[in-house]
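Report on the following structure.
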Amino acid sequence: MHRPIPIEKDGDYRYVVSPTALPEMLAPAVIYADEALIKEFADDLTLTQLTNVATLPGVFKRVCGMPDMHQGYGFPVGGVAAMAMPSGAISPGGVGFDINCGVRLLVAPVDPTRLGPRLERIVEELARAIPAGAGKEGGLKLSWTDLDQTLTSGSRYVIEHLGLGLEDDLDRTESGGCLLAADPSSVSPRARERGKDQLGTMGSGNHFVELQRVEAIDDPEAASAMGIEPNMLGVLIHSGSRGLGHQVCTDHVRIMDARMAAACVTPPDRQLSWAPADSAVGQAYLSAMACAANYAWANRQAISHAVRRTLARLLKLRASEIRLVYDVAHNIAKAEEHDGKSLLVHRKGATRAFGPGHPDLPQEYAATGQPVLIPGSMGTRSYVLAGLAGNPAFGSACHGAGRALSRSEAKSKFTGSGVRRSLTESGIVVRCASNEGLAEEAPAAYKDVDRVVDVVVRNGMAARVARLAPVGVIKG
Amino acid sequence: MAGSATVTVASPNRSNVREVELSARDAGALLADWINELIGLSEIDRMVFQCSHADVMIDEVGAILRASLRGVPIDRWVSPLKAATYHGLEFGMVRGRYRARALCDI
């Protein structure tokens, strides 16, 4: 239901919906935005969805809307909510269908401006090496045992047992690429079947592999700690848990929807169905979600392996010269401590952004803070930020530019051939099998990433480290 | 709301037949389950399915669907549909006709 939401300005880059605004709200909703971005939330269900999240049991202090927030299913994309443990709500809709959809950045000591015609071939070969699109074609053929081990141990299993990466990669992956609560027996046979042959595939929609040039350094010390230098080649990888994650979400929304109906509880949106985190239903979801998260980390690790092999061959590099900067999840629920409380933090379309000295960071990032990777659209710059202490949003930041137009609106305004031509004229090599997919992902279908990042920085969520400009795009 | 429907389409090719039985707490959930069943089967089996027979029963306590599907093998699964959601799910009678809505994640 679309209802008017009374919203108050609470500073230059912050807006608040009071918990007294709507009778069901248990906490205020805080939206981090500037005057232009806040207007983009006015015409759809984004704010309604954020205030609906504030009705979930156990919600702690506030729910947060990132500046790239937009309407989702039940829970807005770009929403963050922390629930008091042990019995606060866990909602699969608050994690999303693509569990542990996330981004990783690799850098290589190569100046992309000097690649000349080789750039075209590199993009072509990467497109061949990384299967894209919906479905399961082209993925690694895992045995059922390999799949179970991947669900249990994530990146570690595929590095140590399948040879898909370097030991250092684990330190540079959020949570070491593995959530320990994973129990493969909590994953349905349908989900397992969907995931069996999809490891190492990009998927469709907004997933991509992009080649970038390090365009500018904002914080030389932090950039140096992250191995980032001016004019380096960067590779951004955006993918998730594929059909397996979608099936886990589908299975558990269904279970929680039925549970709530049996208890005569009506959620504000059925996709926002929930269960107490310490209930059997809640624990079953958290276990299955952990499996899907581990699968997603393993998937991005497998894609990284294909990227490293291809770049090493074509650019005569050693695999170890192609350094993983970091891998971040942006659709996940995690047990964390904030303000001295044990909380279950839902981040749906939001990136963890822990500051310097946080115990969950590897030693090499202890002084800089966690690398926070913010992809723009395929025609605009992307950012590397670093998390800051005192983050006001439970250690979170935005996850990208955020959609300004729905996919259907984008398709009605842009053509794939037009987008392809425009990118090519800007010197960006594009490989995408679907013109329709290109139109959906047109740069103008997204908010202004510079503006979004500015709001993040001004609210003390993260600090700028480096800016990247696209030179090659491979879309799912 | 109570109702039932039977649909029969063409004759099945036995080698690609799938028998499906779904039950849900209401007609809306059954609609989402049915779409999700088709998405999952198509992705796993690499087939496009035609429903050759379906029985649907809806009453106050829940909804049941029994269907026979006939699959046509395809080289590559290219549908953008990834899942049917429960967001904005609708199923009801409007001026004597069924009206249903399920939003899919793509």
Side-chain angles (χ1 to χ4, degrees), chain A residues 1 45 49 71-75 92-93 96-98 131 133-138 188-198 203-206 240 242-251 253-254 256-262 267 269-273 406-408 433-434 436-437 440 476, chain B residues 1 18 20-49 58-65 69 71-92 100-106:
Chain A
M1 186 176 61
L45 291 174
Q49 291 183 341
Q71 181 177 316
Y73 309 120
F75 199 112
F97 279 100
D98 193 2
K136 61 183 183 178
E137 292 79 10
S188 69
R190 171 63 54 85
R192 288 159 56 83
E193 281 193 87
R194 289 181 74 173
K196 186 166 178 290
D197 296 334
Q198 288 189 330
S204 58
N206 61 356
R242 309 286 283 104
L244 184 142
H246 273 77
Q247 191 65 46
V248 167
C249 180
T250 294
D251 292 341
V253 167
R254 186 179 190 284
M256 292 193 191
D257 174 73
R259 184 199 79 89
M260 296 189 73
D269 184 315
R270 288 176 75 171
Q271 191 69 24
L272 203 56
S273 295
S406 71
R407 291 175 192 280
S408 52
S434 157
E436 200 172 83
E440 288 176 359
Chain B
M1 177 176 51
R18 303 285 182 276
V20 173
E21 182 167 341
L22 303 170
S23 61
R25 76 169 176 92
D26 60 22
L30 187 68
L31 175 64
D33 287 355
W34 175 227
I35 296 169
N36 283 324
E37 183 70 14
L38 293 172
I39 290 171
L41 279 176
S42 298
E43 189 175 301
I44 291 164
D45 293 341
R46 292 193 207 192
M47 290 188 194
V48 172
F49 287 96
I58 303 166
D59 61 25
E60 289 73 15
V61 295
I64 295 172
L65 178 147
L69 301 175
V72 179
I74 51 174
D75 290 337
R76 189 160 183 263
W77 173 241
V78 291
S79 166
L81 301 183
K82 295 174 181 169
T85 79
Y86 277 40
H87 170 66
L89 198 55
E90 282 179 17
F91 194 100
R101 181 176 75 164
L103 300 178
C104 289
D105 185 41
I106 55 174

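Sequence lines set the chain letters: A, B, ... in the order given, protein chains first and strands last, and positions in each chain run from 1.
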Sorted by chain and number, sequence neighbours left out, salt bridge (charged side-chain N to carboxylate O under 4.0 Å, His left out) with A:Asp257 holds for A:Arg270, B:Arg25

Margin query: Show, in sequence, the C-alpha distance, side-chain angles and deciding distance for B:Lys82 and A:Asp98, and conclude whether the salt bridge (Lys or Arg N to Asp or Glu O under 4.0 Å) test is met.
Written below: CA-CA 9 Å; B:Lys82 295 174 181 169; A:Asp98 193 2; 5.9 Å; no

Check whether [X] gets within reach of chain A through its side chain, its backbone, both or neither, counting any heavy atom under 4.5 Å.
X: B:Leu41; answer: both
X: B:Ala84; answer: backbone
X: B:Leu89; answer: side chain

Give a yes or no on whether a salt bridge exists between A:Asp251 and A:Arg190, defined as a side-chain N under 4.0 angstrom from a carboxylate O. no

So CG of B:Leu22 and CH2 of B:Trp34: to nearest 0.5 Å the spacing works out to 7.0 Å

